[in-house]
Structure formats: C-alpha cells, structure tokens
Peer 1: 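Okay, handing you the structure first.
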Amino acid sequence: MWIAVVALAAVVVGAVVWWFRRDPAGRAAGDAGNRVEADTDLGIEAEPAFMEGLRAYPLRVSGTRGVLTTYEPPRLISLYLLADAFAARGNAALHDPQGTVVALIAQLAAVERPGVVHLREDWLDGEVDGMDRARFAEAVREAVSGECAWSADPAVGALQITVREANTMMLDLARVLELYREAREKQPEATAGELLREVMPRLIAAGGPGLTWTKPPTQGDLRVVLGGTPEPA
C-alpha cells in the first residue's frame, strides 16, 4: 500500500530515537543516537503516534529523506510504506504505537519488496580497483547523477539518492558491486566510471533487485537517474 490512508499536508518531524543495543558495525560513540526525520502524509492524530512508536523502537534505526535504515538486520525501508502500513492499522496503532511499529518493521523487513532493500555488512573487504567502501559508494553516485542530494552508509552498503526532494532511490551496494565485477571481467581496460555508467542504467531500468524507491518512481524521476537529465525548475 503506497498511498497513505489518511492524506493531509505533509508534516516534517525531527526526533531522536534512543537505542538499546550496541551497533555491531562498530560506529563511533558520537553516532550512537538514532535520528529519524519523518515526512509522511499521516493525519494529525496518526503522525504523533507514529513518531512515538519510532522513538520507542528498541533497536538502532536512523531515517532521513523518506528512508528508514535498520541495523539489526541491515535494511532500507521506505518511511512512506511504513507510515501507510501504520495508518492501515487504524485505532489499534493509535492505542499501541510502539508495538505496532515493532511488528510492522519486522513484517516489512522480512522480505524484499517495493520500498524494502536488504543489505549486507560484509559486502566489500578491502578495495576494488583501488576503491574502498566509501569511494565505491561515491563512484556509484557520480555515475547516476552528480546533482542529486545523496547519502551513504558504507558500513552496511547503503546508498540513497534523492530526486526532486520528494522521492529517494535506495541501493544495495553489494549487488551493484557484483554487477561491477562481472563487467570488469569483460572489460579489463575500462575505467571504473565507464563500467558504472554501463552497469547503473541497466540496474535502474530493470528496477532491481538491489534497488527500490521510497515511492513509485515517475518517468521524470527515472529520466534524472538514467540520463542525468537536469531536473525542471
């Protein structure tokens, strides 16, 4: 269900979600707090309850640009998808927001689907063609669109590219790397940029696996990430 059950003006809410388990990826203590910015179409009753459920979520999560990142296990989940599922629970969600959020995240994260991508912490050991995890993530972003806002979490192989500040493409870098290595075997003399500019359009046009969006992409969204077409003013 991609369209929110209760459709009112979008409300941007910033919240800090406390975490109760050590982050297995070994992130710095300064990054210990979970941060979630929810931009949803929930109503005035459901929005605060939804944020309350996220604040009380017992595992480390972070969220921005419409994407919720979980770390146990590592997943990217569309906040719009999660909010829609929350709203569909009706009064039950309002009466037990924490239990509803916990149940919904477990349910949505279990299987890849539109709006959910599974990640792997062991996606790259060392370097590939002289690129470490962070540099590979940046190279992928450059091959897609250098103008869009983006963020990456190299520890779990996550890359997010936001188009028009309204829709975000979510990528599993592990599967991008697999395609990159296949292309490298066939073209040993090509540069990394050349290979990624060949690999990424095929992956985006196919729609995955290893790629999804926070909302169903429009043709305009796809033009931006497929061809580097400038976004209309």
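In what follows, residues are counted from 1 in the order of the sequence shown.
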Peer 1: Please list, chain by chain and in numerical order, all residues satisfying salt bridge (charged side-chain N to carboxylate O under 4.0 Å, His left out) with E52, sequence neighbours excluded.
Peer 2: none
Peer 1: Would you give the length of the straight line joining atom CH2 of W213 to atom CG of L171, rounded to the nearest 0.5 angstrom?
Peer 2: 9.0 Å
Peer 1: At what distance, to the nearest 0.5 angstrom, does CG of D129 lie from CG of L195?
Peer 2: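 One gets 7.5 Å once the value is rounded to the nearest 0.5 Å.
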Peer 1: Report the distance from atom CD1 of I161 to atom CZ of R65, rounding to the nearest 0.5 Å.
Peer 2: 11.0 Å
Peer 1: Taking salt bridge (Lys or Arg N to Asp or Glu O under 4.0 Å) as the cut-off, I'd like each qualifying pair that reaches into residues 97-112, sequence neighbours left out, listed once.
Peer 2: E112-R175
Peer 1: Checking the side chain of Q98 only, and the main-chain atoms of A56 only, is there a donor and an acceptor separated by less than 3.5 Å?
Peer 2: yes
Peer 1: Is there a side-chain contact between T70 and I77, using heavy atoms and a 4.5 Å cut-off?
Peer 2: yes
Peer 1: Any pair with a residue in residues 153-186 that passes ring pair (Phe, Tyr, Trp, His ring centres under 6.0 Å), sequence neighbours left out, goes on the list, sorted by first then second residue, please.
Peer 2: F136-Y180
Peer 1: Could you give all pairs that pass the side-chain hydrogen bond (donor to acceptor under 3.5 Å, both in side chains) test and reach residues 197-209, with sequence neighbours left out?
Peer 2: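 Qualifying pairs: Q187-E198.
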Peer 1: Got a list of side-chain donor-acceptor pairs under 3.5 Å for residues 85-95, not counting sequence neighbours?
Peer 2:
from: H95; atom 1: ND1; to: N91; atom 2: O; distance (Å): 3.2

Peer 1: Not counting sequence neighbours, which residues clear side chain to side chain donor-acceptor pair (under 3.5 Å) with R133? List them please.
Peer 2: none
Peer 1: Using a strict cut-off of less than 4.0 Å between a Lys/Arg side-chain nitrogen and an Asp/Glu carboxylate oxygen, indicate whether E178 and R120 qualify as a salt bridge.
Peer 2: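 Yes, E178 and R120 are salt-bridged.
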